[in-house]
Amino acid sequence: MSLFLVLGVAVALAMDCFAITLGLACGTKGLTMKQAVRMAALFGGFQFVMPVAGWLAGDKLLGFIKSFDHWVAFGLLALIGGRMIYESFGLNEEEKACRPDQTQGMRLVVLSLATSIDALAVGLSL
């Protein structure tokens, strides 16, 4: 694999993470340096760990799930997409105004994990 190809895959995998981080930063009033560093650490950490974990697990897991791996990918993406659709209808304007800080706690961890699932899949295929 050439360096150009590896860098291209890395940039492509990071685009969803960049979009979510940009959306969080624009939606947070008075973003502090602490919040920005927390977002960068979690999103960057998950983007680093997930392909490595996928690569390490690829040889061992692929033999077990080879016959239904496409259904596992479909299930994960359907779950994440369904939750996003559900949440888009669930909040009214008053609840949106009182929304807790999205840059801390389990919300940020789940967002970091959700945006790096594709990196895990690429790691499995390597």
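None of these values were measured; they are calculated from a predicted model.
Note that CG of L79 is 9.5 Å distant from CD1 of I117, once rounded to the nearest 0.5 Å. A distance of 11.5 Å separates CG in D118 from CG in L76, rounded to the nearest 0.5 Å. Atoms CZ and OG, on F43 and S116 in that order, are 9.0 Å from each other to the nearest 0.5 Å. Annotation: the span from T115 atom OG1 to M50 atom CE amounts to 9.0 Å, rounded to 0.5 Å.
Of all heavy-atom pairs spanning Q47 and C17, the tightest one is NE2-CB, 3.7 Å. The minimum heavy-atom distance between L120 and A53, with the atom names listed, is CD1-C, 4.3 Å. Here the closest non-hydrogen pair linking F46 and P51 is O-CD, 4.2 Å. Contact between L42 and S112 at its shortest, heavy atoms only, is CB-OG, 3.5 Å.
Counting heavy atoms from C-beta on, the side chains of L108 and L24 come closer than 4.5 Å.
Note on M15 and L13: separate hydrophobic clusters, where clusters join Ile, Leu, Val, Met, Phe, Trp and Tyr whose side-chain heavy atoms are under 4.5 Å apart, directly or indirectly.
Proximity of a side-chain donor or acceptor of T32 to a complementary backbone N or O of Q35 within less than 3.5 Å is detected.
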Check against side-chain contact (heavy atoms from CB on, under 4.5 Å), M39 and L31: CA-CA 11 Å; M39 285 192 305; L31 185 70; 4.2 Å; yes

